[in-house]
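The structure presented is a predicted model; accordingly, all values stated were derived computationally and were not measured.
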Amino acid sequence: MLANLSGWHLILLLAVVILLFGAARLPALAKGVGQSVRILKRETKDASPADEAASE
């Protein structure tokens, strides 16, 4: 579904995001998303050894 996006679609999507959130809030939004991704990676990495030990 997302593979059919062309350059114009991405530009339009970016424009809508800027209109919704405002240019001043975009860096804070990106920082929050980045922190969430880092936390998710850390938690999945920490949970993996515990899952393996529980299955044995």
For this session: Could you tell me whether the side chain of Lys45 reaches within less than 4.5 Å of the side chain of Arg42, counting heavy atoms only?
Result: no

For this session: Answer yes if Val33 and Leu26 sit in the same cluster of Ile, Leu, Val, Met, Phe, Trp and Tyr residues linked by side chain heavy atoms under 4.5 Å apart, and no otherwise.
Result: no

Exercise. Any link between Ile18 and Ile11 through a network of hydrophobic side chains (Ile, Leu, Val, Met, Phe, Trp, Tyr) touching at under 4.5 Å?
Worked result: no

Exercise. Is Val16 linked to Leu19 within one hydrophobic cluster, defined over Ile, Leu, Val, Met, Phe, Trp and Tyr using a side-chain heavy-atom separation of less than 4.5 Å?
Worked result: no

Problem set entry | ILVMFWY network linking Leu14 to Leu29, side-chain heavy atoms under 4.5 angstrom | yes

